Amino acid sequence: MPFFIEVILPLALPKPFTYSVTQAEYAFLKPGMRVAVPFGRNKIYTGLVIALHENPPQLYEAREIHQILDDDPLVTAIQLSHWQWVANYYMCSIGEVYRSAMPSGFLLESETIITQHKDFNSETGDLTDDEYLVYEALQKQSALKVQEVAAILNKKTILPVINRLITKNAVMLQEEMSEKYKPKSIRYIRLPEEFMREEQLSELIEVLSRAQKQREAVMQYFQLQASEKKPVTAKKLNDAGINSTIIKSLVDKGIFEEYYIDEDRVKFEGNDDAGFGLSPKQKEAFDEIKTSFEQKDVTLLHGITSSGKTEIYIKLIEEYINSGQQVLYLLPEIALTTQLVVRLTAYFGNQVAVFHSKYSNNERVEVWNQVLSASEKAKVVIGARSALFLPYQHLGLIIIDEEHEPTFKQQDPAPRYHARDAAIVLANAHKAKVLLGSATPAIETYYNASGGKYGYVELKERYGNVMPPEILLIDLKDKYKRKQMTGHFSDMMIEAITETLANGKQVILFQNRRGYSPWVECLTCGHVPQCPQCDVSLTYYKYKNQLRCHYCGHHIAKPTHCHQCQSPDLDTKGFGTEQIELELKTLFPDKHSWRMDQDTTRGKHGYEKIIDSFKNREIDILVGTQMLAKGLHFDNVALVGILNADNMLYQPDFRAFERAYQMMVQVAGRAGRKDQRGKVLIQTYNPLHNIIRQVTDNDYEGMYKEQLYERHNFKYPPFFRLVRVTLRHKDYEKVKDAAIWLFNVLSQQLGVTVLGPEEPGINRIRNEYIRTIMIKIPQGAALGGTKKAIERILASFDAVPQYRAVRVTLNADPY
DNA sequence: AGCACGCCGACT
DNA sequence: GTCGGCGTGCTC
């Protein structure tokens, strides 16, 4: 009797694959277990079992599995159906969801290793130059990876070379599975039992009286044991000033014993300090949320900046974990986890786990296992969007902080999911509650709350009665006319900075562009240097004296002459954070200013370092991009300056105004202190613009109504669901034709509004031309059916020979 | 996603 | 003439 399993692979393939298993394997396997399976010529992938059955496939012979990798399911049934939902809704394969949901430590795959054939003689077997190069490299290094061979030969196609070497008996191929997860073991030191008796011990001290250092080590050991009341690690002894060689000699003498225990890498130590109270307003909001949860599964907590939302979250988390449930706390930015972990571990100690993509493989595997086993160590999971995919058992509550943040939507590789929306679906499967928190809710969210679909709780008062900041506008047109500008700073801005710094307070300046200037222009002929691979001008970076492309990273030295007319008169146009920082150095030479943008926050802790030194007041003025707008708290900042509000307003995106509002309000919210009212200065050419006025008046409602009206008129969310189709190809004409073909078919067959094909503002990236088509699905139309139809049409598109080389991506709810 | 197969241009 | 480029199809 044959037995089969259905397996999904971590690839962009639409359907599962069938493998045959033995009866014993069949009895052992369950959906959610991993199996290593051969796939294609000689690759082995980590597949995931989703079903077992006894129906032999008709059209092919099922292959046998290579190995079972788990004793128990690693993925729950709820996860599998949630992944399927993500795949359907966001129009990708379940394999892509699987690949991004699992820590890569779980997704072992084979790697082809090339090794030397031992009885090959290079004298007799004659090799070509390429073949000899590989052979020679193998003399030095016993094994090579395929990629390494490509590097040695400096070629793309190397398999023919390897195949010839195999025929000549010079090398062999091997498939190697690398075990990516290794538990970390910690070395402990102890005294053998016999020394535990009094008389033996004094004898030991006696013996060591002449070996001062060793005696000291033993004494230190006792001290550590007495003070810590737990096993002593070798590291603790080292820290206490005991040299490793001394420990080693004591071990050799049999006085110390060493032993190892596998340890969790991720560990926090907290002191239980639940003794904080909510302010009356917070308490009120807290009670309202609980009442709301009795009726609604999702509730929006609309709390202005600095209203103390976190304390409310903590109180809620406490209730859910006390009732034995798990809590997920999603943040928009990895960098924010550090601050939050400190706060949460203070209350919940070791019950807090952290999960995000910058964590190492091992750490992520550990958190996965803890969540799966409903471990005490992972009652609360803090993480960025990927934490959504952990194997929760009893999920009771999901908190999504700063729910309006666009980073919750994954942009590039598929699955292009929105963590907020996918979280609501997940919570539904767990019968859990969702709390969305924001000072500036997304239009869609606020719409759902006002329509009664979500509960709504407001928190209007700043915590500790901090006054909301005073927001002032500076009209740039006027300031330039009156010649009251120094560089990009108006006299008012300079005055305010001077005053703030004189009071010992700090300043944050916001400019949503990096580099020195976004483009360079020839004064003689007007030529602007462009990226050779993308349709953008090159950004000038003064400190590197370079022109760089923000899309593909292409860079050249700053030219001394115009490439078009040889004129040496080149001018920089526009300004970015780098220029502001340089201007600050001249304006305030004795103050310390620093820049925070993608260019200065590279590296694992780049961001935290800047935040820390700003908190420690080593930096007086911090200049930054939108990174500054994300829920950071600084209590010594008295002034926030927005250098140019206009470039945010004129983006070709239906969300541009909403975004600009959110960004300005969020940045303004950084100006808050306990004792004195903070100040926000906004420089703009459009002081009468509605969005600017709504920011100064703190008029969220006004912004919402106006934007909602626009959304309704122009067929945008929440009234219409969008699916964006992007076509890419290096041949301009080909994408153009393909896009027209696809547009025609879509608009004829879907029965909904289809717009396009549009040449985007930036129509070429990395030498590929781009066209987009926008599909607008009205509320009430069959969303799933339309998406199915889109996929069907795409399949027929793929069947047209001249178009199939055009790469097509789908983005549901593009943000 | 890989990887093999098969067809065309640029070199020995 | 061959090598190596790339477009096409398939993987249980």
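What you see is a predicted model, and the numbers here were worked out from it, not measured in a lab. Residue numbers begin at 1 in each chain, while the letters A, B, ... track the order of the sequences.
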- For Pro10(A), report the nucleic acid contact type (base, sugar-phosphate, nothing); a contact means any heavy atom under 4.0 Å. nothing
- Is there side-chain contact between Pro38(A) and Tyr19(A), with heavy atoms separated by less than 4.5 Å? yes
- Once the angle between the rings of His82(A) and Trp85(A) is folded into 0 to 90°, is it parallel (under 30°), tilted (30 to 60°) or perpendicular (over 60°)? parallel
- Send over the distance from Tyr45(A) OH to dC10(C) C1', rounded to a whole Å. 13 Å
- Message: Quick check: any donor-acceptor pair below 3.5 Å linking the side-chain of Tyr19(A) to the base of dC12(C)?
- Response: no
- Task: Give one of base, sugar-phosphate or nothing for Leu13(A), where a contact means two heavy atoms less than 4.0 Å apart.
- Result: base
- Considering all heavy atoms of both residues, which atom of Pro56(A) and which atom of Phe4(A) are nearest to each other, and what is their separation? CA-CE1, 3.3 Å
- Message: Is there a side-chain contact between Ser104(A) and Arg364(A) in this structure, where contact means two heavy atoms from C-beta onward sitting under 4.5 Å apart?
- Response: yes
- Query: Hey, does the side chain of Lys730(A) come within less than 4.0 Å of dG7(C)'s phosphate (OP1/OP2), counting only N and O?
  - Reply: yes
- Item | With sequence neighbours excluded, residues passing side-chain contact (heavy atoms from CB on, under 4.5 Å) with Phe720(A) | Lys715(A), Lys776(A), Pro778(A)
- Task: Tell me, please, which residues at least two apart from Pro14(A) pass side-chain contact (heavy atoms from CB on, under 4.5 Å).
- Result: none
Atom pairs under 3.5 Å: protein N/O with N/O of nucleotides 3-5 of chain C:
residue, atom, partner, partner atom, Å
dG4(C), OP1, Lys155(A), NZ, 2.4
dG5(C), OP2, Thr157(A), OG1, 2.6

- Message: Expressed as a whole number of angstroms, how long is the span from Glu6(A):CD to dC12(C):C1'?
- Response: 9 Å
- Query: Less than 6.0 Å separating the ring centroids of Phe17(A) and Tyr45(A)?
  - Reply: no
- Message: Any non-hydrogen side-chain atom of Val536(A) less than 4.5 Å from a side-chain atom of Cys531(A)?
- Response: yes
- Item | Rounded distance in Å - CZ (Phe39(A)) to C1' (dC10(C)) | 8 Å
- Task: Take atom CZ of Arg807(A) and atom P of dT8(C), then tell me their distance rounded to the nearest Å.
- Result: 14 Å
- Take Arg41(A) and Glu96(A), find for each the nucleotide of DNA chain B with the closest heavy atom, and name the residue whose nucleotide sits nearer the 5' end. Glu96(A)
- CG of Asp731(A) versus P of dC6(C): gap in Å, rounded? 15 Å
- Please give, in whole Å, the distance from dC10(C) P to Phe17(A) CZ? 12 Å
- Output all residues satisfying salt bridge (charged side-chain N to carboxylate O under 4.0 Å, His left out) with Glu6(A), sequence neighbours left out; order by chain, then residue number. none
- Would you say Tyr769(A) and Leu727(A) make side-chain contact, with heavy atoms under 4.5 Å? no
- Note on the structure: Rounded to whole Å, NZ of Lys15(A) lies from C1' of dC12(C) at a distance of 7 Å
- Heavy-atom contacts under 4.0 Å between residues 790-805 of chain A and DNA chain C, which residues? Arg804(A)
- Message: Reading DNA chain B in the 5' to 3' direction, which nucleotide is the first one with an atom under 4.0 Å from a heavy atom of chain A, and which is the last?
- Response: dA1(B) to dA4(B)
- Would you say the side-chain atoms of Glu366(A) and Asn362(A) include a donor-acceptor pair closer than 3.5 Å? no
- Query: Is the shortest heavy-atom distance from the side chain of Asp731(A) to the side chain of Val806(A) under 4.5 Å?
  - Reply: no
- Query: Separation of Leu59(A) atom CG from dC12(C) atom P, in whole Å?
  - Reply: 14 Å
